[in-house]
Amino acid sequence: MAAVSDLGFDPWDPAFLADPYPAYADLRARGRVHWFEPTNQWLVPHHADVSALLRDRRLGRTYQHRFTHEEFGRTAPPPEQEPFHTLNDHGMLDLEPPDHTRIRRLVSKAFTPRTVERLKPYVRGLADDLVSGLVAAGGGDLLKDIAEPLPVAVIAEMLGIPESDRGPLRPWSADICGMYELNPSEDTAARAVRASVEFSDYLRELIAARRKDPGDDLVSGLIEAHDEGDRLTEQEMISTCVLLLNAGHEATVNATVNGWYALFRNEAQLELLRADHTLIPSAIEELMRYDTPLQLFERWVLDEIEIDGTTIPRGAEIAMLFGSANHDPAVFRNPSALDLTRTDNPHISFSAGIHYCIGAPLARIELAASMGALLERAPTLRLAEEPERKPNFVIRGLEGLSVVV
């Protein structure tokens with residue numbers, strides 16, 4: 001087995017972060033699983049393996065429903081990080097059945113096709129207003145002017161967070177999500193802990209207010225479900241709200257800027273889209289495949305598994321490379337090409353199995369709304385300057401995307 005370092009896989013190297021896809025091709029060519037010493041993880045780069053492992057119940061997002069840290073051969077997190085882990089570990093993304101099943105069933109009521117469909121006019125109206133502002137200004141930063149405010153406003157509206165309280169939401173989210181990168185620094189951890197405390201305190205006050213004065217929002221719905229005997233603790237409510245905000249906009253924000261940057265670098269495909277707006281649905285799927293917002297998804301090995309003759313023991317951690325899987329030529333014809341007309345597109349950008357993104361239908365509506373508004377109201381939109389990529393690997397995005405109308 002080749003050393004991963006010999007294959008160009010270096011998630012802290014700016015050159016790799018700029019374009020990780022050639023290194024992924026090397027990983028796939030050299031085998032189905034690779035040990036990566038710097039993070040003590042097994043990397044899985046092939047689409048078939050990633051897809052299967054996402055559905056494999058021998059793996060879990062947590063192990064604490066079955067083992068103590070000691071039994072699993074792991075060290076407990078440092079005590080000073082407790083606020084982050086308490087917040088993170090009670091959200092359904094990091095839970096396994098039966099707790100995952102119970103919480104997801106309650107939250108899914110807010111994401112039924114009918115509920116999401118009803119949000120379309122609100123999302124489209126918001127997108128139109130944001131794009132109108134960008135056009136009136138003659139351009140701006142697509143990240144800060146369109147990509148961030150749209151999904152944050154939508155999920156905040158669903159949760160019932162007043163407009164006057166929404167300012168800290170994005171910074172809190174960014175600081176918390178820093179912990180999902182590989183080997184986060186002590187400074188990153190400290191920021192995540194501070195954001196976890198502040199966000200939790202805010203939501204505790206919001207929940208108390210909604211208990212006294214319920215509204216037609218998701219927080220009130222979770223309180224009602226608790227009162228009717230569905231056993232949702234206050235911590236689970238808080239963690240669920242934070243997860244919905246973080247997951248409910250991170251993918252959409254980064255898919256928007258990654259997608260438009262890809263379009264600006266593929267002029268023929270952009271012109272095709274400008275000429276035919278009916279391509280928007282397939283364009284969204286292709287852009288999420290082409291430059292995947294979530295590059296890696298981790299799972300713990302709860303029971304020993306084998307991949308291509310390599311035994312991976314209980315207690316190990318698997319890192320499934322979504323970005324690599326989405327460029328696997330065994331599944332995608334000419335995967336390095338951006339093809340907005342691609343119809344056979346089983347990308348796994350929204351994950352799969354029991355942890356499939358519950359907000360995927362809403363994300364697609366948001367992406368379609370902003371893309372449609374930009375194509376209609378800013379048909380001459382162009383890149384003003386080359387963007388700077390964020391120094392992150394797991395959550396792939398840009399520092400900004402300056403555009404001119």
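Residues: numbered from 1 along the sequence shown.
Looking at every heavy atom in both residues, Y202 comes nearest to P162 through OH-CD, 3.6 Å. For the pair R124 and G372, the tightest heavy-atom approach, listed with the atom from each and the gap, is NH2-C, 3.9 Å. Of all non-hydrogen atoms in L17 and R389, the two that sit nearest each other are O-CD, 3.1 Å. Taking all atoms of both residues into account, the shortest heavy-atom contact from G91 to S239 is N-CB, 3.5 Å. Minimum interatomic distance between H34 and G31 (heavy atoms only, all atoms of both residues): NE2-O, 3.4 Å. L294 approaches I395 most closely through the heavy-atom pair CD1-CG1, 4.3 Å.
In this structure, the side chain of N258 engages the main chain of R396 through a donor-acceptor pair within 3.5 Å. In this structure a side-chain-to-backbone donor-acceptor pair under 3.5 Å is present from T292 to R289. Side-chain atoms of D291 do not come within 3.5 Å of backbone N or O of A262 as any donor-acceptor pair. Under the 3.5 Å distance criterion, the side-chain polar atoms of R104 are matched with a main-chain donor or acceptor of I354. Listed for the S220 side chain is a donor-acceptor partner under 3.5 Å among the backbone atoms of G215. Although no hydrogens or angles enter the test, the distance criterion places no donor-acceptor pair under 3.5 Å between the side chain of S173 and the main chain of L169. For the pair S349 (side chain) and M288 (backbone), a donor-acceptor distance under 3.5 Å is present. In this structure, S282 contributes its side chain and L340 its backbone to a donor-acceptor pair below 3.5 Å. With N266 contributing its side chain and Q269 its backbone, the two residues share no donor-acceptor pair below 3.5 Å. A donor-acceptor pair under 3.5 Å is formed between the side chain of E181 and the backbone N or O of F393.
Between Y63 and F72, the angle of the ring planes stays under 30°, which puts this pair in the parallel group of the 30/60° scheme. Ring planes of Y21 and H327: parallel class, angle under 30° (limits at 30 and 60°).
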Evaluation steps, side-chain contact (heavy atoms from CB on, under 4.5 Å), between W35 and N40: CA-CA 7 Å; W35 174 248; N40 294 319; 3.6 Å; yes
Walk me through it: do N88 and M179 pass the test side-chain contact (heavy atoms from CB on, under 4.5 Å)? CA-CA 10 Å; N88 184 71; M179 284 293 277; over 6 Å; no
Could you check E306 against T310 for side chain to side chain donor-acceptor pair (under 3.5 Å), going step by step and ending with a plain yes or no? CA-CA 5 Å; E306 183 181 300; T310 299; over 6 Å; no
Quick one, D187 with S185, criterion side chain to side chain donor-acceptor pair (under 3.5 Å). Give me CA distance, side-chain angles, the key distance, then yes/no. CA-CA 5 Å; D187 182 56; S185 67; 5.1 Å; no
Walk me through whether L302 and H65 qualify under side-chain contact (heavy atoms from CB on, under 4.5 Å). CA-CA 10 Å; L302 306 176; H65 61 307; 3.9 Å; yes
Assess the residue pair L287 and L367 against the criterion (side-chain contact (heavy atoms from CB on, under 4.5 Å)); give the C-alpha distance rounded to whole Å, side-chain angles, the decisive distance to 0.1 Å, and a yes or no. CA-CA 11 Å; L287 290 166; L367 290 166; over 6 Å; no
I'd like to know whether E236 forms a salt bridge (Lys or Arg N to Asp or Glu O under 4.0 Å) with R102, so could you lay out the CA-CA distance, the side-chain angles of the two residues, the decisive distance to 0.1 Å, and finally the verdict. CA-CA 11 Å; E236 287 172 341; R102 171 173 54 86; 2.7 Å; yes
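Counting non-hydrogen atoms of neighbouring residues, nucleotides and ligands closer than 6.0 angstrom, the CZ atom of R265 exceeds 12 such neighbours. The environment of D308 atom CG is dense: over 12 non-hydrogen atoms of other residues, nucleotides or ligands sit within 6.0 angstrom. The environment of E163 atom CD is sparse: at most 12 non-hydrogen atoms of other residues, nucleotides or ligands sit within 6.0 angstrom.
Atom OG of S200 and atom CD1 of I238 lie 5.5 Å apart (nearest 0.5 Å). In this structure, the separation between CD1 on I223 and CG on L232 is 10.0 Å, given to the nearest 0.5 Å. From L362, atom CG reaches atom NZ of K120 across 11.5 Å, with rounding to the nearest 0.5 Å. Distance check, rounded to the nearest 0.5 Å: CG of L27 to CG of L43 gives 6.5 Å. The line from CG of L54 to CG of L59 is 8.5 Å long, rounded to the nearest 0.5 Å. Considering OG1 of T240 and CG of L245, their distance stands at 12.5 Å, rounded to 0.5 Å.
Side chains of Q295 and F322 form no contact here, defined as non-hydrogen atoms less than 4.5 Å apart. Contact annotation: the side chain of D49 never approaches that of S51 to less than 4.5 Å [non-hydrogen atoms, C-beta and beyond]. Under the 4.5 Å side-chain criterion, counting only non-hydrogen atoms from C-beta, L381 is in contact with R274. Using a 4.5 Å heavy-atom threshold, the side chains of R299 and W42 count as separate. Taking 4.5 Å as the limit, every side-chain heavy atom of Y290 sits out of range of all side-chain heavy atoms of D339. A 4.5 Å side-chain heavy-atom check between E285 and R364 finds at least one atom pair inside the cut-off. Residues V50 and L321 are not in side-chain contact: their nearest non-hydrogen atoms beyond the backbone lie 4.5 Å or more apart. Contact check for V331 versus P346: side-chain heavy atoms found under the 4.5 Å cut-off.
H355 and E96 share a side-chain donor-acceptor pair at under 3.5 Å. In this structure, a donor-acceptor pair under 3.5 Å is absent between the side chains of E250 and Y180. Side-chain polar atoms of S370 and E366 form no donor-acceptor pair below 3.5 angstrom. R28 and S324 share a donor-acceptor pair across their side chains, judged by distance under 3.5 Å alone. Counted by atom type alone, T39 and Q41 present one or more donor-acceptor pairs between their side chains at under 3.5 Å. In the model, D94 has no side-chain atom that pairs as donor or acceptor with a side-chain atom of T62 under 3.5 Å.
In this structure, E317 does not pair ionically with R74, as no charged nitrogen and carboxylate oxygen lie closer than 4.0 Å. Checked for salt-bridge contact, R314 and D303 miss the test: no charged N lies under 4.0 Å from a carboxylate O. With respect to the salt-bridge test (charged N to carboxylate O, under 4.0 angstrom), the residues R114 and E117 do not qualify. Look at K390 and E399 and you find no salt bridge, because none of the NZ, NE, NH1 or NH2 atoms lies under 4.0 Å from a carboxylate O.
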Only distances under 3.5 Å count here; give the side-chain donor-acceptor pairs of residues 132-157 to other protein atoms, sequence neighbours excluded, each with its distance to 0.1 Å.
residue: S132; atom: OG; partner: D128; partner atom: O; Å: 2.8
residue: S132; atom: OG; partner: R377; partner atom: NH1; Å: 3.0
residue: D141; atom: OD1; partner: L143; partner atom: N; Å: 2.9
residue: D141; atom: OD1; partner: L401; partner atom: N; Å: 2.9
residue: D145; atom: OD2; partner: D141; partner atom: N; Å: 3.0
residue: E148; atom: OE2; partner: R170; partner atom: NE; Å: 3.0
residue: E148; atom: OE2; partner: R170; partner atom: NH2; Å: 3.3
residue: E157; atom: OE1; partner: R166; partner atom: NH2; Å: 2.8

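A distance of 6.0 Å or more separates the ring centres of F332 and H347.
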